[in-house]
Amino acid sequence: MEEKRALLVMVKTNPHDHVMWRLRLRELSELARSAGYRVVGEVVQTRIKEAVNYVVGRGKLEELKALSRDKNVDVVIFYNVLSSKQKYNLERELRRRVIDRYELTLEIFEKAATDKLAKLQIELARIKKAFPYLKLQARLKYLREHPGFKSAGEYAYHNKITFLRRRMRKVIEEIERERFVRLKQLERRRELGIPVVCVVGYYNSGKTTLFNALTGLNKPVSNRPFTTLSSKYYVCGNPRASFFLVDTIGFVLDLDPRLISSFRINLDDMREADLLLLVVDVSESDELVELKISTSLKILRELVGVPEEKVMVVFNKCDLLPEEEVKRKL
């Protein structure tokens with residue numbers, strides 16, 4: 001199957017940022033390739049604020065149109081998270097599929113998902129993101145085609161929205177049932193007095209490799225992001241000194257809160273742990289290591305509700321660097 005051709009776009013709102021935007025764009029490129037796209041170009045615009053209608057300005061929009069035609073682009077991928085209005089306007093102008101990094105991450109999740117719970121959590125995240133866009137799309141399509149109170153267009157519009165709402169409720173109910181079971185399991189572990197250690201960090205930092213090394217298991221490991229979507233559990237140690245080890249979903253730069261909130265069961269594992277091992281790939285650049293540590297701590301503090309005293313930073317992949325370089329980074 002031929003790879004779809006992708007054009008990457010970023011609107012940089014900090015004119016003084018001369019380093020981090022490059023790292024973010026590089027990560028977007030890696031995610032796009034992991035999702036099966038062939039990156040054929042990159043476009044960056046610096047603006048103090050994103051344009052309300054198209055994210056980019058009018059002149060840059062015309063440049064995107066020409067570039068999309070010349071490079072025969074199938075999909076335009078924005079680093080910026082798009083509003084429903086921006087996505088609709090861009091697809092209408094560019095006549096191409098347009099997605100943002102939230103939707104791109106979900107596509108990778110869907111490729112990696114193997115169990116029912118992971119698929120349900122991904123579906124919930126997708127509905128949450130897609131619902132406002134589909135609502136706007138349906139309203140413009142049906143209400144324009146069939147004006148008038150209680151017309152056929154209005155019925156079609158309400159039927160589509162009602163279906164989406166019902167499906168979202170059903171998915172949430174299924175996840176909550178599974179969450180109830182998991183919380184009961186966490187309670188039983190607490191009653192046993194066995195500590196819980198949770199492995200967290202960015203994708204591709206080597207979390208599952210560490211989990212396998214500590215447990216002797218052989219859970220799937222790959223260079224593709226998000227190999228782990230549902231938490232893995234194992235009892236380590238001996239009868240006199242044992243602990244539960246938990247491997248969890250990986251973080252991604254500028255993680256959208258709506259995305260991680262859909263994975264509530266993973267958050268419960270992090271929140272209930274006695275200790276979190278924040279695994280960091282030390283072989284990456286200083287700027288990226290620092291960014292990933294600071295943003296991971298922010299995610300754990302603000303989205304999960306974990307105090308930093310429960311977090312231990314672990315430098316991984318030290319074998320890829322000279323010993324002196326590791327010491328310097330430490």
Asker: Identify whether the distance between the nearest side-chain nitrogen and carboxylate oxygen of Arg126 and Glu110 falls below 4.0 Å.
Answerer: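 Yes, this pair counts.
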Asker: Is it true that Lys4 and Glu107 make a salt bridge, defined as a side-chain N closer than 4.0 Å to a carboxylate O?
Answerer: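 The answer is no: the pair does not qualify as a salt bridge.
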Asker: Please answer whether the main-chain N or O of Pro322 pairs with a side-chain N or O of Glu325 as donor and acceptor at a distance below 3.5 Å.
Answerer: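 The answer is no, because no donor-acceptor pair under 3.5 Å joins these two groups.
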Asker: I'd like to know whether CZ of Arg167 has more than 12 heavy-atom contacts from other residues, nucleotides or ligands below 6.0 angstrom.
Answerer: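 More than 12 within 6.0 Å, yes.
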Asker: Would you name the heavy atoms of Leu104 and Ala35 that are closest together and state the gap between them?
Answerer: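 Minimum heavy-atom separation between Leu104 and Ala35: CD1-CB, 3.7 Å.
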Asker: Any chance you could measure Leu23, atom CG, to Arg26, atom CZ, to the nearest 0.5 Å?
Answerer: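 Here the rounded value is 5.5 Å.
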Asker: Walk me through it: do Thr248 and Met270 pass the test side chain to side chain contact (heavy atoms under 4.5 Å, CB included)?
Answerer: CA-CA 8 Å; Thr248 59; Met270 299 176 196; 3.8 Å; yes
Asker: Would you find more than 12 non-hydrogen atoms of other residues, nucleotides or ligands less than 6.0 Å from Arg328 atom CZ?
Answerer: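 Count over threshold, so yes.
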Asker: Is a side-chain donor or acceptor of Gln45 paired with a backbone partner of Gly57 at a separation under 3.5 angstrom?
Answerer: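 Yes: the side chain of Gln45 pairs with the backbone of Gly57.
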Asker: Kindly check if the number of other-residue, nucleotide or ligand heavy atoms within 6.0 Å of CD (Glu302) is above 12?
Answerer: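 More than 12 heavy atoms, drawn from other residues, nucleotides or ligands, come within 6.0 Å of this atom.
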Asker: Can you name the nearest heavy-atom pair linking Leu291 to Ser294, along with the distance?
Answerer: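 Where Leu291 meets Ser294 most closely, the heavy atoms are O-OG, 3.0 Å.
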Asker: Drop me the distance from Leu25's CG to Glu30's CD, to the nearest 0.5 angstrom.
Answerer: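 Answer for the CG-CD pair, Leu25 versus Glu30, is 10.5 Å.
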Asker: Which heavy atom of His18 sits nearest to which heavy atom of Pro15, and what is that distance?
Answerer: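 Shortest heavy-atom separation between His18 and Pro15 comes out as CE1-O, 3.5 Å.
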Asker: Please determine whether the number of non-hydrogen atoms from other residues, nucleotides or ligands lying under 6.0 Å from atom CE of Met20 exceeds 12.
Answerer: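 Yes, the 6.0 Å shell around CE holds more than 12 heavy atoms from other groups.
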Asker: Is the closest basic N to carboxylate O distance between Asp268 and Arg179 below 4.0 Å?
Answerer: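 Result for this pair is yes, salt bridge flagged.
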Asker: Side-chain heavy atoms under 4.5 angstrom apart, residues restricted to Ile, Leu, Val, Met, Phe, Trp, Tyr: same cluster for Ile172 and Val181?
Answerer: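 Cluster IDs for Ile172 and Val181 differ.
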Asker: Roughly how far, to the nearest 0.5 Å, is CG of Leu106 from CG of Leu124?
Answerer: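 Those atoms lie 10.0 Å apart.
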Asker: Looking at Lys310 and Arg271, what are the two nearest heavy atoms and their distance?
Answerer: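 Scanning both residues completely, I find the closest heavy atoms to be NZ-O, 3.5 Å.
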Asker: Check Asn212, Leu277, Val314, Val279 against Lys207 for a side-chain contact (heavy atoms from CB on, under 4.5 Å) and give me the one that passes.
Answerer: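 Testing Lys207 for a side-chain contact (heavy atoms from CB on, under 4.5 Å) against Asn212, Leu277, Val314, Val279 leaves exactly one candidate, Val279.
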Asker: Side chain to side chain contact (heavy atoms under 4.5 Å, CB included) between Phe243 and Asp274: does it pass, once the steps are laid out?
Answerer: CA-CA 10 Å; Phe243 62 93; Asp274 297 285; over 6 Å; no
Asker: Between Arg188 and Glu191 (salt bridge meaning N to carboxylate O under 4.0 Å), is one present in this structure?
Answerer: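 No, no charged N to carboxylate O under 4.0 Å.
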Asker: With distance as the sole test, does Lys65 use its side chain to make a donor-acceptor pair with the main-chain N or O of Arg95 at under 3.5 Å?
Answerer: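 Answer holds: no.
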Asker: Check Tyr37, Tyr79, Tyr203 against Leu31 for a side-chain contact (heavy atoms from CB on, under 4.5 Å) and give me the one that passes.
Answerer: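 In the set Tyr37, Tyr79, Tyr203, the residue that makes a side-chain contact (heavy atoms from CB on, under 4.5 Å) with Leu31 is Tyr203.
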Asker: Is it true that Lys317 and Glu284 have a side-chain N and a carboxylate O under 4.0 angstrom from each other?
Answerer: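 No, Lys317 and Glu284 are not salt-bridged.
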Asker: Once the angle between the rings of Tyr88 and Tyr133 is folded into 0 to 90°, is it parallel (under 30°), tilted (30 to 60°) or perpendicular (over 60°)?
Answerer: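 Answer is tilted, since the angle falls between 30° and 60°.
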Asker: A quick test of your reading: do over 12 heavy atoms of other residues, nucleotides or ligands sit less than 6.0 Å from CD of Glu308?
Answerer: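 Atom CD in Glu308 is crowded, with more than 12 foreign heavy atoms closer than 6.0 Å.
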Asker: Checking side-chain contact (heavy atoms from CB on, under 4.5 Å) between Leu28 and each of Ile77, Asp100, Val39, which is the one that passes?
Answerer: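 So the option named by the test is Ile77.
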Asker: Checking side chain to side chain contact (heavy atoms under 4.5 Å, CB included) for the pair Lys129/Val81: CA distance, chi angles, key distance, verdict?
Answerer: CA-CA 10 Å; Lys129 170 67 173 171; Val81 176; 3.7 Å; yes
Asker: Could you walk me through whether Ile175 and Gln121 pass the side chain to side chain contact (heavy atoms under 4.5 Å, CB included) test, one step at a time?
Answerer: CA-CA 7 Å; Ile175 291 173; Gln121 292 184 123; 4.0 Å; yes
Asker: I'd like to know if the side chain of Asp247 and the backbone of Phe211 have a donor-acceptor N/O pair within less than 3.5 Å.
Answerer: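 Pair absent, no side-chain N/O of Asp247 close to backbone of Phe211.
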Asker: Is Arg169 salt-bridged to Glu173, going by a charged N under 4.0 Å from an acidic O?
Answerer: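 The answer is no: the pair does not qualify as a salt bridge.
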Asker: Kindly give the heavy-atom pair with the smallest separation between Met10 and Trp21, and that separation in Å.
Answerer: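 Smallest heavy-atom distance, with atoms named: CE-O, 3.7 Å.
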Asker: Under 3.5 Å, is there a donor-acceptor pair between the Arg33 and Ser29 side chains?
Answerer: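 On atom types as modelled, these side chains qualify, holding a pair under 3.5 Å.
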Asker: For atom NZ of Lys298, is the number of surrounding heavy atoms from other residues, nucleotides or ligands below 6.0 Å larger than 12?
Answerer: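 Atom NZ in Lys298 is not crowded, with 12 or fewer foreign heavy atoms closer than 6.0 Å.
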Asker: Rounded to the nearest 0.5 Å, how far does CZ of Arg101 lie from CZ of Arg24?
Answerer: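 Answer rounded to 0.5 Å: 8.0 Å.
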Asker: What residue among Val73, Leu67, Leu8 forms side-chain contact (heavy atoms from CB on, under 4.5 Å) with Val40?
Answerer: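 In the set Val73, Leu67, Leu8, the residue that makes a side-chain contact (heavy atoms from CB on, under 4.5 Å) with Val40 is Val73.
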Asker: Is any side-chain N of the basic residue among Glu63 and Lys60 closer than 4.0 Å to the acidic one's carboxylate O?
Answerer: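 Judged by the 4.0 Å cut-off on N to carboxylate O distance, Glu63 and Lys60 do form a salt bridge.
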Asker: Roughly how far, to the nearest 0.5 Å, is OG1 of Thr46 from NZ of Lys12?
Answerer: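 The NZ atom of Lys12 sits 3.5 Å away from the OG1 atom of Thr46.
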Asker: Taking all non-hydrogen atoms of both residues into account, name the closest pair between Leu82 and Gln86 and its distance.
Answerer: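 Minimum heavy-atom contact is CA-OE1, 3.6 Å.
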Asker: Could you give the distance from CG (Leu278) to CG (Asn316), rounded to the nearest 0.5 Å?
Answerer: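 So the CG of Leu278 and the CG of Asn316 are separated by 11.0 Å.
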